2 protein chains.
Amino acid sequence: MALTIGELGKATDTKVETIRYYERIGLLPKPPRTGGNYRAYGAAELGRLSFIRRARDLGFPLDQVRALLSLSDDRGRDCATVDALARDHLSEVERKIADLTALRRELSALIESCCGGTVADCRIIEALAPHTNG
Amino acid sequence: MALTIGELGKATDTKVETIRYYERIGLLPKPPRTGGNYRAYGAAELGRLSFIRRARDLGFPLDQVRALLSLSDDRGRDCATVDALARDHLSEVERKIADLTALRRELSALIESCCGGTVADCRIIEALAPHTNG
DNA sequence: CCTTGACCCTGTAGTTGCTACAGGGTGCAT
DNA sequence: ATGCACCCTGTAGCAACTACAGGGTCAAGG
């Protein structure tokens, strides 16, 4: 079983350029090549790339994906480190949700205040530039 | 009243490099220079930069900030365009909140399932790589 | 007068995570 | 032999800054 880069891409829903990018930054190993210098992937690479994509879908940044990968290779190790990584990431996500929720409230209030006149008395513009424009 | 770039930065809580960057991309006008080739800012630039920073704090991307700025200069115009921009941005924010909330649920479930053994039977790693690692 | 230090200048490269070329080579079908 | 889909390398672009390197300016203190 040997996959071309395009086949690997289809199997993992990843663009070819992204796979080459992962190889360039050392997230994927350099695979063997065919006579025509094409990359030839096997099951191991398919598994590794699937792992990467799942972690990315869960929003882990690439350096955390890298850490998770090396942890997953070290199967005898205490999984507390993995747990800590996931918890860190969860709290990042929660922080972002809180920020965006505050933002939503502010934006809603801004939009509510718009009563449809001209820009000269637009509350949105006014709220953005409270000390100037006059 | 003339401000150096550093004073303008302090007044608007903006790094000096960021101000120069805004000038480079045409968001701020090129200000007059002193004899020693220092930028000399006045009240207009202070107002404009305050506007930009507020819009950025509300999460508007720079191209929308640019649009808002040009709308705010056109004071006789119907403010429906401003309203539409703000509504677009609000729905973007809402979409992000929804995405992150789904993510939070998935991550929490993942973390819940961790029972503190070794990586070999870690549910987090398992969830990331369901078809491989064995 | 000279030095020290804080500030300013330009220009360029780095960040994150890809994406999109340009300019070529390979492999298979017709 | 010719077309087409795919592959190769290398580089530049996106957002929105940030961080230098390598210099110039200015006010204060000795």
Side-chain angles (χ1 to χ4, degrees), chain A residues 2-28 30-41 45 48-49 51-69 88-89 92-93 96 99-100 103, chain B residues 2-28 30-42 45 48-49 51-69 88-89 92-93 95-96 99-100 103:
Chain A
L3 299 169
T4 65
I5 195 170
E7 288 162 350
L8 181 62
K10 261 172 209 129
T12 57
D13 196 28
T14 308
K15 297 208 167 130
V16 165
E17 288 93 340
T18 305
I19 297 175
R20 285 196 283 246
Y21 168 71
Y22 287 164
E23 180 181 325
R24 201 160 60 245
I25 65 171
L27 212 55
L28 282 176
K30 287 181 194 296
R33 300 292 180 113
T34 66
N37 199 30
Y38 286 16
R39 289 168 178 84
Y41 294 102
E45 285 96 341
R48 193 171 172 97
L49 183 52
F51 185 108
I52 293 169
R53 298 303 285 179
R54 280 178 173 260
R56 292 290 300 131
D57 284 350
L58 288 169
F60 286 93
L62 285 181
D63 58 347
Q64 287 188 15
V65 174
R66 214 185 282 270
L68 286 169
L69 276 167
D88 271 12
H89 180 46
E92 259 303 290
V93 168
K96 279 184 192 159
D99 283 0
L100 286 173
L103 203 54
Chain B
L3 299 169
T4 65
I5 195 169
E7 288 161 351
L8 181 63
K10 261 173 207 127
T12 57
D13 196 28
T14 308
K15 298 208 166 134
V16 164
E17 288 94 341
T18 304
I19 298 175
R20 286 197 283 247
Y21 168 70
Y22 287 164
E23 180 182 325
R24 201 161 60 244
I25 64 172
L27 213 54
L28 282 175
K30 287 180 195 295
R33 299 292 181 114
T34 67
N37 198 31
Y38 286 17
R39 289 169 180 83
Y41 294 101
E45 285 96 342
R48 194 172 172 94
L49 183 53
F51 185 108
I52 294 168
R53 296 305 285 180
R54 279 179 173 260
R56 291 291 301 130
D57 283 351
L58 287 170
F60 285 94
L62 285 182
D63 57 348
Q64 289 188 14
V65 175
R66 213 185 283 269
L68 287 169
L69 276 167
D88 272 11
H89 180 45
E92 258 303 290
V93 168
R95 203 185 50 70
K96 278 185 193 158
D99 284 359
L100 285 172
L103 201 55

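Numbers restart at 1 for each chain; the letters A, B, ... are given by sequence-line order, proteins then strands. Given the structure is predicted, the values throughout are model-derived calculations rather than measurements.
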Subject >> Nearest-Å distance for atom pair CD1/P, residues A/Ile52 and C/dG17 >> reply: 12 Å
Original post:
A/Tyr21 OH to C/dT16 P: how many Å, rounded?
Top reply: 8 Å
Residues 15-22 of chain B side chain polar contacts: donor-acceptor under 3.5 Å, at least two apart:
residue: B/Tyr22; atom: OH; partner: B/Arg53; partner atom: NH1; Å: 3.2

**OP:** Round to a whole Å and report the spacing from CG of B/Leu3 to C1' of C/dC8.
**Re:** 15 Å
Original post:
Atom OG1 of A/Thr34 and atom CZ of A/Arg39: how far apart are they, to the nearest 0.5 Å?
Top reply: 10.5 Å
**OP:** Figure out the CG/C1' separation between B/Leu62 and D/dA15, and round it to whole Å.
**Re:** 8 Å
Subject >> Separation of atom CD1 in A/Ile25 from atom P in C/dG17, rounded to whole Å >> reply: 8 Å
Original post:
When you look at CG of B/Asp63, are more than 12 heavy atoms from neighbouring residues, nucleotides or ligands closer to it than 6.0 Å?
Top reply: yes
**OP:** Check whether any side-chain N or O of B/Glu45 sits under 3.5 Å from a backbone N or O of B/Gly42 as a donor-acceptor pair, and report yes or no.
**Re:** yes
Subject >> Any donor-acceptor N/O pair, B/Arg56 side chain to B/Phe60 backbone, under 3.5 Å >> reply: yes
**OP:** Kindly compute the distance separating CD1 (A/Ile25) from CG (A/Leu62), expressed to the nearest 0.5 Å.
**Re:** 5.0 Å
Original post:
OP1, OP2 of C/dT19 versus side-chain N and O of A/Thr18: anything below 4.0 Å?
Top reply: yes
**OP:** Report, as a single string ordered 5' to 3', how protein heavy atoms within less than 4.0 Å touch nucleotides 1-12 of chain D: B base, S sugar-phosphate only, - not at all.
**Re:** -----BSSB---
**OP:** Establish, with yes or no, whether the OP1 or OP2 oxygen of C/dG17 is under 4.0 angstrom from a side-chain nitrogen or oxygen of A/Tyr22.
**Re:** no
